[in-house]
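Every heavy atom of this structure was used, including side-chain atoms; hydrogens, water molecules and symmetry mates were not.
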Amino acid sequence: MVKLKISYEQSQELEVVLKLLHPRIKSWKLARQQDGRYKKAYVYLKENH
């Protein structure tokens, strides 16, 4: 499994990345603490078989 950590400033930026990765995404979640300049999300990709 591949886990990606995505840092972004605006929610629109995250939406663009999720749309690009959509065919390969198994699941994703937002980080618990969202303080600071950058927000974080974690994306888990499907296995490539």
Holding to side-chain contact (heavy atoms from CB on, under 4.5 Å), I want the full list of residues that pass it with Lys40, two or more places apart in sequence or in another chain.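 Counting only residues at least two positions away or on another chain, Lys40 forms a side-chain contact (heavy atoms from CB on, under 4.5 Å) with Lys5, Ser7, Ala31, Tyr42.
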Euclidean distance, [Y] [atom2] relative to [X] [atom1], rounded to 0.5 Å:
X: Leu18; Y: Ile25; atom1: CG; atom2: CD1; result: 5.0 Å
X: Trp28; Y: Ile6; atom1: CH2; atom2: CD1; result: 9.0 Å
X: Glu15; Y: Gln10; atom1: CD; atom2: CD; result: 10.5 Å

Is it the case that over 12 heavy atoms from other parts of the model lie below 6.0 angstrom from the CD atom of Gln33?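 No.
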Evaluate Met1 against Glu47 for side chain to side chain contact (heavy atoms under 4.5 Å, CB included), listing each step before the verdict. CA-CA 6 Å; Met1 171 177 39; Glu47 295 290 328; 3.5 Å; yes
Would you check, one step at a time, whether the test side chain to side chain contact (heavy atoms under 4.5 Å, CB included) holds for Val43 with Val17? CA-CA 10 Å; Val43 176; Val17 173; 5.9 Å; no
